[in-house]
Amino acid sequence: MTFLSDRVNRIPPSGIRVFFDLVLSSKGIISLGVGEPDFLTPWNIRDEAIYRVEKGFTTYTSNKGLEELRGAISHYLKQQFSIAYDKHEILITSGVSEAVDLVFRSFINPNDEIILPEPSYVCYRPLIDLCDGKAVPLDTSLTDFIPRASDIEALVTKNTKAILLSYPNNPTGQSIPPSEVSKIADIAVKHNLLIITDEIYADLSFDSFQSIASIPNMKNHIIYLNGFSKAHSMTGWRIGYVCANEEYIEAMNKIHQYSALCAPTLSQYAAVEACQNSSDEVQKMRQSYLERARYFTKMMNDVGLTTIMPSGGLYCFTSIQSLSMSSLSFAEKLLKEYQVAVVPGNVFGESGEGYFRACIATDFNELKIAAKKIQEFVTEHD
Amino acid sequence: MNLIQNQILELLKKNARYSNGDISNMLNVSESVVETEIQGLIEHGIIRQFTTIINDNNIDDYPIRALVELSIRPEKGTGYDAIAQRIFSYDNVVSHYLVSGKYDFLLVVEGSDHKDIAHFVFDKLATIENVKSTTTHFIFKSYKEHGVLMEEAASSSRLAILP
């Protein structure tokens, strides 16, 4: 007999755990397996938190988060992405991860289907499972990792509740072109579906980015997620947020008030500073990621490993199909023979098999050595 | 300056050892364009030198530095520039600025030891007719040079692998 719940037992053990443990215990490797920026949080943001510590801003905030922060985010979204949410339509969470969990728990009934374009970040499927929902994957590998509206529509059934979008995408780095974004919005309206859009990498778009949440008159269909971890190099601060109409926000707040109470107070003050005074820093970081993404993309394509230039974010997603080996065995061999760690593509769904993800937020000299080692690996195993 | 020139300068400011090939890949332009642009920047006197930032805090027998403030009586016709030339022409003046505020010239002066610098200030700078007064600040420790921290601050390391 086990004390564990059936619910938690249903989450399959991660098949990749052994490989991850191997990487974590390896010394002297260059890791392109990292999942966060390589810049420290800009100093003005850290300094703001220090000031708040000194002044004793250490109590809870309201459940929904500091009014000042929600106001700053409202202004920020309007400026950056032409997205209009009032401060009462914003809920501050402990990272976007909490927001994703809140959304699923607030909107998924048993057997509801969520259309999930893959490859995608790893948290969605298990969290949908925990709510007794059903993730319906859409393989985007044949369409340059861009989900087509027609392919999404083909998966719609009477049980479909929502479409989950996470673009610019982890791991592929791709975004959905504006024309396709509009079509997806039309499908949501036509079939009365919710769109859950996780845009944590949007601020690191190399080209202009159109959010589906900027389309007018869609508010009843949209749940918008974003946060400070990636663009502002604030991964450890744990500040995300969810935007939606007031009814939805109040519903999610019912869970949030009991499960989290509020997001970390000091981090919320730091996030206000991030919203208001960090655009130059973010621009510098974005430019640096762009340069390194271009570099890595070119190095991989030069040696026959097809890599589509990412449109934003921290990752390149590279095909190893020319090498006739699995993603995992490629990653294991690369680690053992060349001391370079990457994330096997199948971690991000079946459609990621035949690829690996490389984090380009890596010191340029190390990125260069790693890219050259991958080139050598290809020459040797070709 | 055009956008590419700007981006090349920003990269070279960070790391003068980037190869033309690296820069070409990072900026998505051909290597020959990078070469031509860098050559142009050199010819137009915008790039003056490719140099190295050294942390001399822990090097024994390394030249020491002082900031020297000079109040100047400018000359009719040539203003500060002619006097400046008499000063910056000394090899041990490694930087020389005309500044606003209580004094006019701010120099960074290098010498083998304190005596060496003191001698230079008293004997060479203070004796110039247009120099009204001098104030010398010896540099004890350098925290940051050209945007680079001299000692890497301790920070938490990232998890080597994370989806």
Side-chain angles (χ1 to χ4, degrees), chain A residues 14 16 19-27 29-38 40-41 43 46 119-123 170-171 235-236 284 287-288 290-299 301-302 309 315 331 335 341-344 347-348 352 357 359 361-365 367-368 371, chain B residues 1-38 41 46-47 50-55 141-163:
Chain A
S14 171
I16 206 70
F19 175 69
F20 276 30
D21 287 343
L22 184 64
V23 173
L24 291 172
S25 64
S26 300
K27 300 273 177 261
I29 59 163
I30 294 179
S31 181
L32 306 183
V34 180
E36 56 187 317
D38 64 336
L40 294 179
T41 307
W43 176 250
R46 287 188 276 158
S120 77
Y121 182 56
V122 297
C123 83
N170 173 9
T235 48
K284 271 188 217 160
Q287 176 66 20
S288 170
L290 166 62
E291 287 159 2
R292 288 180 281 177
R294 279 183 186 144
Y295 176 84
F296 192 81
T297 301
K298 177 76 165 43
M299 291 292 275
N301 284 319
D302 278 355
M309 175 64 196
Y315 313 107
L335 182 68
V342 296
V343 181
V347 167
F348 307 99
R357 190 196 74 179
C359 177
T362 302
D363 171 75
F364 182 79
N365 291 326
L367 186 69
K368 186 172 173 177
Chain B
M1 268 201 310
N2 62 38
L3 182 66
I4 288 292
Q5 288 173 329
N6 238 321
Q7 290 178 335
I8 289 174
L9 277 187
E10 284 307 312
L11 285 172
L12 290 176
K13 268 163 66 182
K14 273 187 280 183
N15 182 356
R17 294 186 74 188
Y18 281 139
S19 70
N20 290 355
D22 294 342
I23 295 173
S24 131
N25 285 348
M26 283 190 272
L27 299 184
N28 204 21
V29 294
S30 73
E31 222 172 304
S32 64
V33 165
V34 175
E35 196 172 334
T36 312
E37 294 291 2
I38 291 178
L41 287 165
I46 292 172
I47 292 177
F50 295 95
T51 179
T52 305
I53 297 169
I54 293 168
N55 174 11
K141 179 175 181 176
S142 167
Y143 293 100
K144 196 176 187 182
E145 299 272 352
H146 298 281
V148 179
L149 293 183
M150 291 298 100
E151 277 153 41
E152 215 47 68
S155 65
S156 63
S157 56
R158 299 183 295 168
L159 281 178
I161 195 156
L162 202 71

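In what follows, chains carry the letters A, B, and so on, assigned in the order in which the sequence lines appear, proteins first and then strands, with residues in each chain numbered from 1.
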Quick one: what part of Ala361(A) sits under 4.5 Å from any heavy atom of chain B, side chain, backbone, both or neither? both

Contacting region of Pro37(A) [heavy-atom separation from chain B under 4.5 Å]: backbone

Among Phe19(A), Tyr315(A), Phe348(A), who wins on heavy-atom pairs under 4.5 Å with chain B? Phe348(A)

Taken to the nearest 0.5 Å, the spacing of Leu162(B) CG from Phe20(A) CZ works out to 7.0 Å

Assert top hit (heavy-atom pairs under 4.5 Å, partner chain A, pool Leu11(B), Leu159(B), Asp22(B)) equals Asp22(B)

Please name the pair of heavy atoms, one in Leu27(B) and one in Gln287(A), separated by the smallest distance, quoted to 0.1 Å. CD2-NE2, 4.5 Å

Sort Ile23(B) into side chain, backbone, both or neither according to what part of it lies under 4.5 angstrom from a heavy atom of chain A. neither

Separation between CG of Leu290(A) and CD of Gln7(B), rounded to the nearest 0.5 Å: 7.5 Å

Tell me, side chain or backbone of Val34(A) under 4.5 Å from chain B's heavy atoms, or both, or neither? both

Just wondering, more than 12 heavy atoms not from Phe50(B) lying within 6.0 Å of its CZ? yes

Here the gap from Ile16(A) atom CD1 to Ile161(B) atom CD1, rounded to the nearest 0.5 Å, amounts to 7.5 Å

Taking side chain as everything from C-beta outward and backbone as N, CA, C, O, which of these in Asn15(B) sits under 4.5 Å from a heavy atom of chain A? Side chain, backbone, both or neither. side chain

Check whether Lys368(A) gets within reach of chain B through its side chain, its backbone, both or neither, counting any heavy atom under 4.5 Å. side chain

Need one label for Phe364(A): side chain, backbone, both or neither, based on atoms under 4.5 Å from any heavy atom in chain B. side chain

Does any heavy atom of chain B fall under 4.5 Å from the side chain of Tyr121(A), the backbone, both, or neither of them? side chain

With a 4.5 angstrom heavy-atom cut-off, is it the side chain or the backbone of Asn365(A) that approaches chain B, or both, or neither? side chain

Does Glu36(A) offer a backbone N or O that forms a donor-acceptor pair with the side chain of Arg158(B) under 3.5 Å? yes

Looking only at heavy atoms, what is the nearest atom pair of Asn25(B) and Arg294(A), with distance? O-CB, 3.2 Å

Proximal component of Leu40(A), with respect to chain B [non-hydrogen, under 4.5 Å]: side chain

Looking at side-chain heavy atoms only, is the closest gap between Glu10(B) and Glu291(A) below 4.5 Å? no

Would one find more than 12 heavy atoms of other residues, nucleotides or ligands at under 6.0 Å from atom CD of Glu145(B)? yes

Given 3.5 Å as the limit, does a donor-acceptor pair link the side chain of Asn170(A) with the main chain of Pro163(B), or not? yes

